[in-house]
Structure formats: C-alpha cells, structure tokens
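The shown structure was predicted, so the numbers you read here are calculated from the model rather than taken from an experiment. Counting starts at 1 for both ligands and their atoms, following the listed order.
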Amino acid sequence: MNTTGKVTGIVSNLVTVQTDGPVAENELCYINVGGTQLLAEVIKVNADKASVQVFESTRGLKNGDSVEFLGKMLEATLGPGLLSSVYDGLENNLATMTGVFLKRGEYTDPLDHGKLWDFTPIAKAGDKVIAADWLGEVREGWLPHKIMVPFSFKGNYTVESIVEAGQYNIDAVIAVLKDESGDRIDVTMTQRWPVKIAVKNYREKPRPTRIMETGLRVMDTFNPIAEGGTGFIPGPFGCGKTVLQHAIAKQGEADVIVMAACGERANEVVEIFTEFPELVDPHTGRKLMERTTIICNTSNMPVAAREASVYTAMTICEYYRAMGLRCLLLADSTSRWAQALREMSNRMEELPGADAFPVDLSSIISNFYARAGMVILNNGQTGAVTFIGTVSPAGGNLKEPVTESTKKAARCFYALEQNRADQKRYPAVNPIDSYSKYLEYPEIAGYLNEKIEKGWVEKVNKAKVLVRRGKEMADQINILGDDGVPMSYHEAFWKSEMIDFAFLQQDAFDPIDALCPFERQKFMLDLILDICDKQYEFEDYEKCRGYFKSLINALRQMNYTEFKSKAFEENFEKLQKLLSENGN
Ligand code: ADP
Ligand code: MG
C-alpha cells in the first residue's frame with residue numbers, strides 16, 4: 001500500500017503534507033483537488049511532514065485535500081520517437097496539445113504508441129546481457145536507435161527469446177529475458193529512468209580524447225570543446241548567446257541534439273518553436289529537427305517543472321549516448337534553471353546562500369555538468385554527451401553566483417561581451433578572457449597535433465599572445481595618444497585587430513562564412529600569422545592603419561567566398577599584391 005497524506009499548508013506551489021507512512025525525497029505524489037490530480041514532487045521530509053512542490057497551479061487547493069504518494073521519482077520515458085519532438089520539462093508532448101500550455105492536471109504521452117517501427121534484432125536467444133546492452137535496432141529518421149536492456153535492470157540476464165525482424169509498436173514485447181533466479185521479464189521498446197539520477201549505463205568514463213568541431217573559429221581554433229566536454233556561454237541580453245548556440249547546434253559534429261530552452265519570456269521559447277524546426281543541417285541538407293529533441297519552458301510555467309526540464313534533457317542525452325551516439329545538449333539559459341532553484345529554496349525558507357540562491361547551488365550545478373562526458377560502453381564502443389549551457393548574468397556581472405558556480409563546473413568558457421556586441425563584432429566572444437581547459441589535456445593536444453599539424457597548440461597560443469599584446473598597446477595608445485607611442489605599438493595593435501576582425505569574427509548569417517572547417521581555419525590562421533611575422537617600417541601611424549585596414553578587408557573578403565574557389569583565389573591574389581607593397 002502506498003503512503004497517503006493530507007494537505008496541511010500551502011504557500012504558492014509549495015505544499016505541506018501530513019503523511020501516514022514513509023516517503024522519500026524526490027518521490028512523486030498526486031494531490032487531489034476537485035476531481036483533478038496535480039503532480040508534485042517531494043523536496044523535503046521532516047518526520048511525518050513532507051514539503052512537496054506542485055508542478056502546476058495550486059489554485060483551489062485547500063487544507064485537508066488528499067494526497068497519494070507514488071513510490072517513484074520523476075521519470076523520463078525513453079524510446080524511439082523522442083527525436084523531432086517538443087516537450088515540456090515533464091515530457092508532456094507539446095505538439096499534441098492546443099496552445100503552448102497544458103490544461104491543469106493534463107499530462108500527455110511523450111511517445112506514439114500506434115506507430116510501427118522496423119525492428120532488427122541484434123542479440124539472439126542464449127546471449128548473456130546486462131543493463132544497457134543492445135537487443136535490437138530500429139531506424140529513427142536516419143539514425144540507428146538501439147533497443148536496450150532497460151537501465152534499471154540489475155545483475156545478469158540471459159536472452160530467452162527475441163522477436164524476428166519486423167514491424168512492432170513501442171509496447172510490443174521484443175524480447176524475454178531470464179534473470180539469475182530464473183524469473184522471466186518482458187522487454188519492450190520503451191523504458192523509464194528517474195531524471196535526477198545520472199544513468200550509469202557504460203563501462204567507464206575516461207577523459208575526452210577528441211574535439212567536437214563546430215566550424216566556428218573562436219571555438220575550434222582558439223578554444224575548442226572536446227567531444228563529451230562541457231562549456232558555458234555567459235553574456236548579457238542581446239549579446240548573441242542564442243545565435244551562438246544555434247550555430248553550434250547546426251554545425252557541431254553530433255548525431256543527436258537536445259535543446260533545453262528555459263526562456264525568460266514566452267516569446268523566446270516561441271522563437272525556438274518556430275526557428276529551430278526551420279534550421280537546416282549544413283552537413284546533410286536535412287532538417288536539423290529530425291535529430292533534435294526540444295524541451296521547452298518559460299518562466300510562467302511553475303518552478304518545479306522548469307527545474308525538471310534540464311534533468312529530463314540530460315536523461316534523454318544519456319539514453320542516446322548508450323546507443324554509441326554523439327549527443328549535444330544545449331541549455332539556454334541555465335540562469336532560469338538556477339532561478340527556479342532559488343524560488344523553491346526561498347519558499348522552503350531555507351537558509352539562503354549568496355544572492356538568495358540555495359547554499360548548495362555550486363554542487364547542484366557541478367553534479368549536473370558531471371553527467372556529460374565521453375563514455376566507453378559495455379561493448380567497447382564509445383558515446384558522448386557534450387554539454388554547453390548559456391548563463392545570463394544580470395547586468396553582465398560575471399561575479400554573480402550562477403556564473404561563478406558554472407565556471408567551476410564547465411571546462412570551456414566563452415565570455416560574450418556587451419562592448420563587442422555593441423560594436424557588432426560577432427560572435428562577441430572575448431578572446432582574452434575565454435578559455436578551453438581541454439587545450440591543457442595531453443590527449444587533446446596530441447589529437448590536434450595529429451589532426452591538424454604538429455605544434456598547432458603552440459601556434460594558437462602565439463595568436464592569443466598577439467591579441468593580448470595588441471589590447472595592451474591599445475590601452476597605451478589611448479593614454480598617451482597616437483603620437484605619444486612608438487610606431488611598433490601601432491603595428492602590434494593593428495596586427496591584433498587583424499586577428500580579431502579577419503579571424504575571430506564570423507557572420508552566423510552568411511551562408512559561407514558561417515561554417516568554417518578546420519582546414520580553412522588553419523589556412524587563414526597561417527596566412528595571418530605570416531603577416532604578423534613580418535616587420536614593417538611605416539612612416540607614420542596613418543600609413544600603418546591604412547595598410548592593415550586594407551589587409552583586413554582583403555582577408556574578410558576571402559572569408560565570404562567559397563574556400564579554394566576562383567573568387568577565393570582572386571581575393572587571395574589581391575591580398576598578395578597588397579603584401580608585396582609592404583605598406584610602403
Ligand atoms: P542573446 O541570446 O544573448 O540575448 P541573441 O543570440 O538573440 O542574444 O543575439 C542578438 C542579436 O545579435 C541577433 O539577433 C543578431 O542580430 C546579432 N548576432 C548575434 N550573434 C551574431 C553573429 N554571430 N553573427 C551575426 N549577428 C549576430
Ligand atoms: Mg537568447
């Protein structure tokens with residue numbers, strides 16, 4: 001018999017319940033209010049009192065209303081059909097409902113039970129299997145979707161029988177397994193997993209060994225993110241966080257994309273709804289949505305549902321990772337998630353931490369980022385979840401708790417700057433403050449040496465030093481005036497501007513410039529560094545400025561023409577001509 005209870009107190013979505021038996025933290029319950037059942041989650045237990053957070057409006061709820069505990073935590077339903085779907089944080093299918101919001105007490109099914117999938121068995125009768133082993137495969141769009149031994153199965157099993165290749169719906173029994181005590185268990189194409197618990201469906205999680213190419217020069221060359229790595233993009237409103245994430249989604253080398261949209265305003269989420277399905281995968285020409293799941297939330301959805309969304313998104317990634325796929329999880333913005341945590345903790349009247357965020361904000365964020373990673377599956381194959389979150393610090397203050405906590409958890413940092421965005425220097429990533437800790441990994445440096453060329457990381461460092469030096473010179477010139485500094489200061493400044501304008505800047509909306517493969521990135525960096533290696537003797541700083549401006553123009557024109565095309569070669573010749581004049 002499940003534990004039941006009675007409502008004894010209500011503060012907005014936070015409800016206190018007098019219980020008649022044991023309940024666990026994070027356990028779910030239904031609260032009965034006038035014929036409707038509201039889903040809620042236990043967030044604190046104190047003797048026979050449980051504080052539960054209701055996932056929707058508590059309007060009409062009163063003391064004495066009955067509560068039924070479910071004996072399980074918030075779970076995600078996993079199975080074929082997740083891709084190209086749009087869900088809310090509780091995995092309600094937003095496409096099957098009218099409008100953006102569900103009616104209270106309405107929960108929809110995340111997967112289509114009628115649809116038939118072409119199933120091909122992988123395992124055969126007599127095989128010994130454990131949780132997450134592959135039993136069979138269906139095609140989801142053009143991706144192979146593995147049907148696995150449910151992650152919750154503990155111990156060893158023997159495949160007693162498996163169905164023949166054919167068409168089945170997700171509820172059909174595709175295999176019967178026998179456990180160690182001889183009990184038989186049916187396996188279908190779906191399984192469930194509690195979203196707040198990291199799935200351990202792999203053999204080991206070693207350090208990442210390769211880069212996830214994005215076609216973005218600020219990332220791939222300057223601060224690459226590893227496949228299975230973590231990164232975050234802090235930036236004030238309007239600096240290009242969403243544009244950058246969309247570019248990464250479109251171009252990143254990943255099989256599956258999960259987009260957790262925790263919007264501030266409903267219209268930001270509507271944007272995702274309308275824009276994302278239109279995005280075209282430049283690698284295949286197909287709709288990006290075919291291999292994407294969107295989890296949507298707006299701040300007018302109740303906090304607990306908002307809080308759940310990033311966990312649901314991560315669980316879906318962990319599911320696809322166990323199929324040997326490369327997943328990319330994007331969360332925009334994680335600040336909204338942190339704000340949901342803050343609202344909940346404040347209602348609980350917990351002792352607050354910095355800026356009234358919960359005291360354990362840092363560990364909540366770290367534990368979440370730690371679920372990303374490259375893994376080696378039980379069968380020796382690899383899979384990855386790469387996670388990139390945005391943070392929207394109020395007023396661009398990078399010292400606020402969410403940014404600081406995320407900085408501890410994520411290994412790449414792409415700082416978007418108001419200043420750069422104001423000057424329309426896109427992507428507005430500050431090249432000096434941003435970093436990728438993966439460049440310090442010997443595995444990654446080795447990978448880059450192999451993939452691009454020996455000494456690549458040193459070359460990139462050289463470019464970074466030139467940029468930093470240029471900014472220092474700019475400060476000096478600002479203080480002492482154009483005539484108050486030696487010509488070498490001007491030269492250093494303009495060399496850094498060349499790297500900044502012709503290499504770091506990239507137009508996300510230009511069909512050619514938007515996607516810059518590694519080969520092209522290397523070509524441009526080599527070209528620019530060669531120019532930087534040259535010594536000049538300018539008569540005056542006007543000459544210096546004019547010369548570099550014309551070089552920057554020529555380089556940018558190259559960026560806008562197809563690599564190695566005739567137009568590209570012509571622009572390259574123009575540049576060579578300028579170089580031969582050497583500014584004099
Ligand atoms: P945020 O999500 O940080 O609020 P957005 O991503 O919506 O900001 O960007 C705001 C605007 O800045 C975009 O609508 C676009 O006009 C411009 N922008 C941002 N990044 C780029 C880019 N890489 N290339 C061109 N324009 C950009
Ligand atoms: Mg945005």
Approximate separation, where rounding is to 0.5 Å, of L325 CG and R291 CZ: 11.0 Å

Tally, protein N/O/S atoms nearer to the Mg ion (ligand 2) than 2.8 Å: 1

Separation between CZ of F493 and SG of C544, rounded to the nearest 0.5 Å: 9.5 Å

Check: S85/T293 side-chain N/O donor and acceptor closer than 3.5 Å: no

side-chain hydrogen bond (donor to acceptor under 3.5 Å, both in side chains) partners of E570, counting only residues at least two apart: K566

E41/K196 salt bridge by N-O under 4.0 Å criterion: yes

Residue of the set I295, L328, D332 for which side chain to side chain contact (heavy atoms under 4.5 Å, CB included) holds with M259: D332

Pairwise distance CD(E562) to CD1(I512) - rounded to 0.5 angstrom: 5.5 Å

Partner residues of D500 under the salt bridge (Lys or Arg N to Asp or Glu O under 4.0 Å) criterion, sequence neighbours left out: R420, R425, K471

Tabulate distances under 3.5 Å between N/O atoms of ligand 1 and N/O atoms of the protein, writing both atom names on each line.
{"unit_1": "ligand 1", "atom_1": "2 (O)", "unit_2": "T242", "atom_2": "N", "d": "3.0"}
{"unit_1": "ligand 1", "atom_1": "2 (O)", "unit_2": "T242", "atom_2": "OG1", "d": "2.7"}
{"unit_1": "ligand 1", "atom_1": "3 (O)", "unit_2": "C239", "atom_2": "N", "d": "3.3"}
{"unit_1": "ligand 1", "atom_1": "3 (O)", "unit_2": "G240", "atom_2": "N", "d": "3.1"}
{"unit_1": "ligand 1", "atom_1": "3 (O)", "unit_2": "K241", "atom_2": "N", "d": "2.9"}
{"unit_1": "ligand 1", "atom_1": "3 (O)", "unit_2": "K241", "atom_2": "NZ", "d": "2.8"}
{"unit_1": "ligand 1", "atom_1": "4 (O)", "unit_2": "G238", "atom_2": "N", "d": "2.7"}
{"unit_1": "ligand 1", "atom_1": "6 (O)", "unit_2": "K241", "atom_2": "N", "d": "3.4"}
{"unit_1": "ligand 1", "atom_1": "6 (O)", "unit_2": "T242", "atom_2": "N", "d": "3.0"}
{"unit_1": "ligand 1", "atom_1": "6 (O)", "unit_2": "V243", "atom_2": "N", "d": "2.8"}
{"unit_1": "ligand 1", "atom_1": "8 (O)", "unit_2": "G240", "atom_2": "N", "d": "3.0"}
{"unit_1": "ligand 1", "atom_1": "12 (O)", "unit_2": "Y426", "atom_2": "OH", "d": "3.3"}
{"unit_1": "ligand 1", "atom_1": "24 (N)", "unit_2": "A508", "atom_2": "N", "d": "3.2"}

Between Q521 and D220: side-chain donor-acceptor atoms closer than 3.5 Å: yes

